[in-house]
Undergrad: 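Quick one: this structure, given as structure tokens, is what I'll be asking you about.
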Amino acid sequence: MGSLTGKVALVTGAASGIGLACAERFAADGATVVGMDLSEVDAASWARVNELASATAFHTGDVVDESRVASIVADTVRRFDGLDILVNAAGVAGGGAVHMVSADEWDRTIDINLKGTFLCAKYALEPMLERGGGSIINIASVEGMEGTEGGSSYNASKGGVILLTKNMAIDYGRRGIRVNAICPGFIDTPLLRSVFNGEGMQDFLDKVIDAHQLGRLGKPSEIASAASFLAGDDASFITGHSLVVDGGFHAGKRFGFSKMMGLE
């Protein structure tokens, strides 16, 4: 039996990247997995989830569409008799220097990354309260913990997710609901590649990679492993926490002394 056997998990952003990796890992760990994404999932990508999970479902929908979110949660509870786990992995990139960011672009980033997290939690909490417990895992970012050049709206949205996580942990802890965030470093996903695929961006990507003390980008499966831990009973005394999974990006800066000491 897997560590999540008998659990029902809803994963947003499940068509690709971190969300898909979480769906696959939760399925491997025995959970019933429900995916949600703005785009339909590729059948080949979801095949692994279908193969591993006891039962699955996938819905298209926008996390900022409140009625759609409510409908998907209600359908999940109706079909699978409850909801135990929510992973808020849906998100978009965004940013720029503040004077260069349009109000519409600011709203888009904040709405999807922060408001979407709020709306999905809002409706997932109702069946969790009825069930007497649950686990919510919000995918934030190390960029919500410290500034990055041109981060503006993205950093603000992920910083909001981190504080919202703490607030929900306070509000729902006595009802058996744990709420945690994962703060990934830069993860090799289609979203990241879309940001760094432009002309002249490879040099910037190389510098980003070098800022990780392990000297590489993270893998979606490595974030999924952390999510699986937080979702399960081994994390039963962890709530309100922001788990940094970033290959040492947030640890500090390097100035070349390691190489001088023969450590590179």
Undergrad: With rounding to the nearest 0.5 angstrom, report the OH to CG distance, Y172 to L129.
TA: 6.5 Å
Undergrad: Assess the residue pair I136 and L125 against the criterion (side chain to side chain contact (heavy atoms under 4.5 Å, CB included)); give the C-alpha distance rounded to whole Å, side-chain angles, the decisive distance to 0.1 Å, and a yes or no.
TA: CA-CA 9 Å; I136 296 176; L125 280 161; 3.8 Å; yes
Undergrad: Where do A169 and T239 come nearest, in terms of heavy atoms and distance?
TA: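 Heavy-atom minimum between the residues: CB-OG1, 3.5 Å.
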Undergrad: I'd like to check E66 versus V69 (side-chain heavy atoms, cut-off strictly below 4.5 Å). Are they in contact?
TA: no
Undergrad: Is there a path from V179 to I137 through hydrophobic residues (I, L, V, M, F, W, Y) whose side chains come within less than 4.5 Å of each other?
TA: no
Undergrad: Please confirm whether the backbone N or O of A90 pairs with a side-chain atom of T12, one donor and one acceptor, at under 3.5 Å?
TA: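 At least one qualifying donor-acceptor pair exists.
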Undergrad: Out of curiosity, N180 CG to F229 CZ, how far, rounded to the nearest 0.5 Å?
TA: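 One gets 9.0 Å once the value is rounded to the nearest 0.5 Å.
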Undergrad: Side-chain contact, heavy-atom cut-off 4.5 Å: K115 with I110?
TA: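 No, too far: nothing below the 4.5 Å cut-off.
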Undergrad: Given S16 and S45, is the side chain to side chain contact (heavy atoms under 4.5 Å, CB included) satisfied, shown in steps?
TA: CA-CA 8 Å; S16 65; S45 298; over 6 Å; no
Undergrad: When you look at L192 and L205, which way does the side chain to side chain contact (heavy atoms under 4.5 Å, CB included) test go after all the steps?
TA: CA-CA 10 Å; L192 179 137; L205 180 57; 4.2 Å; yes
Undergrad: To the nearest 0.5 angstrom, please state how far the CG atom of D203 sits from the CZ atom of F196.
TA: 11.5 Å
Undergrad: With K7, which of I85, L83, T32 fulfils side chain to side chain contact (heavy atoms under 4.5 Å, CB included)?
TA: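 Option passing the side chain to side chain contact (heavy atoms under 4.5 Å, CB included) with K7: I85.
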Undergrad: When you compare the side chains of S225 and R25, does any donor N or O come within less than 3.5 Å of an acceptor on the partner?
TA: yes
Undergrad: Take a 6.0 Å sphere around CG of D81 and say whether it holds more than 12 heavy atoms from other residues, nucleotides or ligands.
TA: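 Result for CG/D81: open.
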Undergrad: If you draw a 6.0 Å radius around CZ in R216, do more than 12 non-hydrogen atoms from other residues or ligands fall strictly inside?
TA: yes
Undergrad: Kindly say whether A28 contributes a backbone atom to a donor-acceptor pair with the side chain of R48 at under 3.5 angstrom?
TA: no
Undergrad: Do NZ/NE/NH1/NH2 and the carboxylate oxygens of D111 and R108 come within less than 4.0 Å?
TA: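 Answer for the salt bridge query: no.
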Undergrad: Are the side chain of Q213 and the backbone of G252 linked by a donor-acceptor contact shorter than 3.5 Å?
TA: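 Present.
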Undergrad: Taking atom CE of M260 as the centre, does the number of heavy atoms from other residues, nucleotides or ligands within less than 6.0 Å exceed 12?
TA: yes
Undergrad: Give a yes or no on whether the backbone of V161 and the side-chain of T165 come within a donor-acceptor separation of less than 3.5 Å.
TA: yes
Undergrad: Nearest heavy-atom pair of D37 and A15: which atoms, and what distance?
TA: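 Residues D37 and A15, closest heavy atoms: OD2-N, 3.0 Å.
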Undergrad: If you take all heavy atoms of A21 and A224, which pair is closest and at what distance?
TA: O-CB, 3.4 Å
Undergrad: Look up atom SG in C183 and atom CD in E143, then write down how far apart they are to the nearest 0.5 Å.
TA: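 So the SG of C183 and the CD of E143 are separated by 11.0 Å.
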Undergrad: Under a 4.5 Å side-chain heavy-atom rule over Ile, Leu, Val, Met, Phe, Trp and Tyr, are F80 and V33 clustered together?
TA: no
Undergrad: Just verifying a value: how many Å separate N155 CG and K158 NZ, rounded to the nearest 0.5 Å?
TA: 10.5 Å
Undergrad: Verify the cluster assignment for L10 and F26: are they in a single hydrophobic cluster under the rule of side-chain heavy atoms below 4.5 Å apart?
TA: no
Undergrad: Keeping T56 on the side-chain end and V34 on the backbone end, is there a donor-acceptor pair under 3.5 Å?
TA: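 Checking the backbone N and O of V34 against the side chain of T56, no donor-acceptor pair under 3.5 Å is found.
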Undergrad: To the closest 0.5 Å, what do you measure between CG (D84) and CE (M128)?
TA: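 Reported value, rounded in 0.5 Å steps: 7.0 Å.
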Undergrad: Is the F58 ring parallel, tilted or perpendicular to the W46 ring (thresholds 30°, 60°)?
TA: perpendicular
Undergrad: Do you reckon M261 sits in the same ILVMFWY cluster as F255, going by side-chain contacts under 4.5 Å, direct or chained?
TA: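 Result: yes, single cluster for both.
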Undergrad: Given the rule that I, L, V, M, F, W and Y join up when any side-chain heavy atoms are under 4.5 Å apart, are I209 and F186 in one cluster?
TA: yes
Undergrad: Is it true that a side-chain atom of T76 and a backbone atom of I72 form a donor plus acceptor pair closer than 3.5 Å?
TA: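 Yes.
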Undergrad: Looking at A93 and E105, what are the two nearest heavy atoms and their distance?
TA: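 Looking at all heavy atoms of both residues, the shortest contact is O-OE2, 4.2 Å.
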Undergrad: Might you work through the side chain to side chain contact (heavy atoms under 4.5 Å, CB included) test for C120 and L86, ending with a clear yes or no?
TA: CA-CA 8 Å; C120 291; L86 169 67; 4.1 Å; yes
Undergrad: In terms of the angle between their ring planes, are H212 and F249 parallel, tilted or perpendicular, with boundaries placed at 30° and 60°?
TA: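 Because their plane-to-plane angle lies in the 30° to 60° range, the rings of H212 and F249 count as tilted.
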Undergrad: Is the closest side-chain heavy-atom distance between V73 and K122 below 4.5 Å?
TA: no
Undergrad: Would you say the side-chain atoms of E222 pair up with the backbone N or O of K219, donor to acceptor, closer than 3.5 Å?
TA: yes
Undergrad: Measure across I182 and P184 and return the closest heavy-atom pair with its distance rounded to 0.1 Å.
TA: O-CD, 3.1 Å
Undergrad: Taking atom types as modelled and ignoring hydrogens, do the side chains of N138 and T117 form a donor-acceptor contact shorter than 3.5 angstrom?
TA: no
Undergrad: Looking only at heavy atoms, what is the nearest atom pair of G96 and S152, with distance?
TA: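 Shortest heavy-atom contact: O-OG, 2.6 Å.
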